[in-house]
Amino acid sequence: MAAAARRAAGLLPLLLSSSSGARTPLRRALSLISPPRSYRLLSQPARPFSTSPFSASASASNGAAAERTRELHLYNTKSRKKEHFRPRAPDGEVGMYVCGVTPYDDSHIGHARAYVAFDVLYRYLRYLDYEVRYVRNFTDIDDKIIARANQLGEDPFSLSKRFSDDFLSDMANLQCLPPSVEPRVSDHIDQIINMIKQILDDNCAYVVGGDVYFSVDNFPEYGELSGRKLDDNRAGERVAVDERKRNPADFALWKAAKDGEPWWESPWGPGRPGWHIECSAMSAHYLGHSFDIHGGGEDLIFPHHENEIAQSRAACCDSSINYWIHNGFVNVNSQKMSKSLGNFVTIRKVIEMYHPLALRLFLLGTHYRSPINYTIEQLNVASDRLYYTYQTLRDCEESCQQQHKNSGDSLPASTLNYIQKLHDEFETSMSDDLHTSVALAAISEPLKVMNDLLHTRKGKKQEKRLESLAALEEKIRVVLSVLGLLPSSYHEALQQLREKALRRASITEEHVLQKIEERTAARKAKQYEKSDEIRKELAAVGIALMDGPDGTTWRPSVPLSEEEAVVVKT
């Protein structure tokens with residue numbers, strides 16, 4: 001059973017398929033790694049036990065979505081309240097469009113925050129057995145790309161391709177699942193031109209010298225997403241105000257060609273698309289004019305998403321998005337992150353020194369709609385927590401592999417209660433607008449129970465100890481998978497965390513082992529002051545020494561000075 005469970009668990013990050021090629025719902029696949037139906041409470045009368053606390057209570061026939069035990073609620077920016085998620089096609093595909101990057105530079109932790117948040121939504125929808133068509137675009141032609149390319153003497157498309165590839169590498173390191181489709185603006189010029197024609201036909205746009213502008217005065221609903229009144233609106237943030245506009249809030253749908261810039265032929269002359277029209281055209285092309293979820297950072301509410309609504313409705317009066325979802329900002333040391341302040345932090349810079357999943361864990365520790373404050377201290381805490389989690393699960397894995405489990409299929413009542421409690425807290429928190437911080441907190445108690453079973457005298461004597469360990473590990477594995485925190489190997493992840501800790505401390509493992517030998521010699525010589533100095537010296541740089549019956553080992557930790565600061569703040 002355990003071997004089969006691990007094989008099944010290894011498939012979790014993927015879209016599972018049957019031998020016939022039909023897609024298996026993720027939540028149904030999760031039942032493959034759960035206790036069998038015959039599990040019973042010890043010392044109690046037999047009673048039914050579902051295939052898995054994490055699988056649906058029943059499955060519909062003919063491959064339809066399984067019955068959902070929790071109703072998902074999401075905060076809708078447009079209605080300014082949490083709403084019960086009801087997809088347009090209950091037994092069909094959920095359509096989700098998330099605005100992607102403009103690839104003119106390395107991606108930063110603000111990008112990480114956004115795409116980790118929507119990756120969790122994507123994973124949780126699949127966990128709930130929804131089919132999801134997830135579209136995330138690349139704006140591969142834009143003023144910023146052109147300016148950067150000119151600065152570097154590089155072709156704009158070559159530059160955007162290079163940074164797009166780097167972005168995809170960053171997303172893979174953060175364990176963000178690939179979207180269903182990743183369209184690029186340059187491949188969808190025909191769709192963009194056709195949409196602009198429709199907007200002109202609806203009398204919501206006008207042509208000025210080869211440029212095409214959207215007329216906000218001709219769209220009375222303008223401002224309904226952001227709550228802004230038309231008089232309060234400012235022009236788009238990416239270009240200066242054009243005196244030829246009928247209203248300063250009018251925005252460009254098509255920009256006439258300029259010398260040295262890429263351009264395409266159009267009915268209005270050579271040029272290129274404006275920023276906002278791109279997402280309207282590509283979302284309509286892949287998801288239709290009406291779909292379920294449109295997402296992005298809070299900074300996109302106005303003007304980008306406001307303008308998307310206006311131009312999409314002008315092109316098709318039936319255009320409608322059910323849920324507008326936005327993630328909060330990232331601050332750095334309590335200041336807004338910006339290049340001008342010199343606190344611009346790229347994903348690549350972070351993962352040079354920290355495991356990518358430590359960054360992901362840090363981001364998930366705050367609700368996606370709340371602002372998050374990035375500090376090295378909090379990243380160290382996240383890295384330490386990740387190491388503790390993986391070490392516990394690795395110890396459990398090794399113990400279950402090396403020792404023979406007793407026959408039988410029963411689990412103690414206490415273990416089943418821990419599993420059910422984890423299930424309830426996980427689904428309740430995630431179904432309440434993706435409260436990932438609460439979901440993460442839910443695994444704390446099971447991890448402590450596992451450590452007691454692994455290392456305490458009382459725990460080692462518990463009946464069905466190994467079976468309990470295996471069942472708890474499998475349940476935590478499911479939670480980590482949905483949160484995107486399940487590594488391909490606990491052992492490899494632990495080794496990577498150790499390597500990053502050594503790099504941050506600017507020391508080698510050989511140096512640490514030498515210090516351990518010096519400390520051991522000092523203790524034997526009863527030079528306890530010197531022994532404590534060595535321990536504190538290493539602790540100050542994030543290396544904790546662990547004394548045990550088999551000698552002294554080391555593990556990464558929060559640097560001692562930072563740990564003391566966190567305690568004081570708390």
Verify the distance criterion only: is there a donor paired with an acceptor across the side chains of [X] and [Y] at less than 3.5 Å?
{"X": "R394", "Y": "T389", "result": "no"}
{"X": "D547", "Y": "T552", "result": "yes"}
{"X": "Y134", "Y": "D119", "result": "no"}
{"X": "Y115", "Y": "D170", "result": "no"}
{"X": "T375", "Y": "N333", "result": "no"}
{"X": "Y490", "Y": "Q495", "result": "no"}

**Item:** Verdict with supporting geometry, M96 and V135, side-chain contact (heavy atoms from CB on, under 4.5 Å)
**Value:** CA-CA 6 Å; M96 181 168 79; V135 182; over 6 Å; no
**Item:** Candidate pair E518 and K515, rule salt bridge (Lys or Arg N to Asp or Glu O under 4.0 Å), full reasoning
**Value:** CA-CA 5 Å; E518 291 178 13; K515 287 293 183 181; 3.8 Å; yes
Determine whether the aromatic ring centres of [X] and [Y] lie less than 6.0 Å apart.
{"X": "Y127", "Y": "Y124", "value": "yes"}
{"X": "F138", "Y": "F163", "value": "no"}
{"X": "Y130", "Y": "F85", "value": "yes"}
{"X": "Y97", "Y": "Y286", "value": "no"}

**Request:** Measure from NZ or CZ of R113 to the centre of the six-membered ring of Y368 and say whether it is under 6.0 Å with the direction within 45° of the ring axis.
**Result:** no
**Prompt:** Under 6.0 Å from the six-membered ring centre of F362 and within 45° of its axis: does the NZ or CZ of R360 meet both?
**Reply:** no
**Request:** In sequence, state the C-alpha distance, the side-chain angles, and the governing distance for R385 and S444, and then conclude on side-chain contact (heavy atoms from CB on, under 4.5 Å).
**Result:** CA-CA 10 Å; R385 182 65 182 176; S444 297; 2.8 Å; yes
**Item:** Within 6.0 Å of NE2 in H455, more than 12 heavy atoms from elsewhere
**Value:** yes
Ionic contact status for [Y] with [X], cut-off 4.0 Å:
{"X": "E352", "Y": "R348", "result": "no"}
{"X": "K161", "Y": "D166", "result": "no"}
{"X": "E298", "Y": "R369", "result": "no"}
{"X": "E499", "Y": "R503", "result": "no"}
{"X": "D384", "Y": "R555", "result": "yes"}
{"X": "E445", "Y": "K448", "result": "no"}

**Prompt:** Does the side chain of I325 reach to within under 4.5 Å of the side chain of V98, using non-hydrogen atoms?
**Reply:** no
**E131 side chain near D91 side chain, heavy-atom distance below 4.5 Å** = no
**Item:** Reference residue V332; test side chain to side chain contact (heavy atoms under 4.5 Å, CB included); the match among N373, I376, V345
**Value:** V345
**Prompt:** Between the side chain of N451 and the main-chain N/O of L447, is any donor-acceptor distance below 3.5 Å?
**Reply:** yes
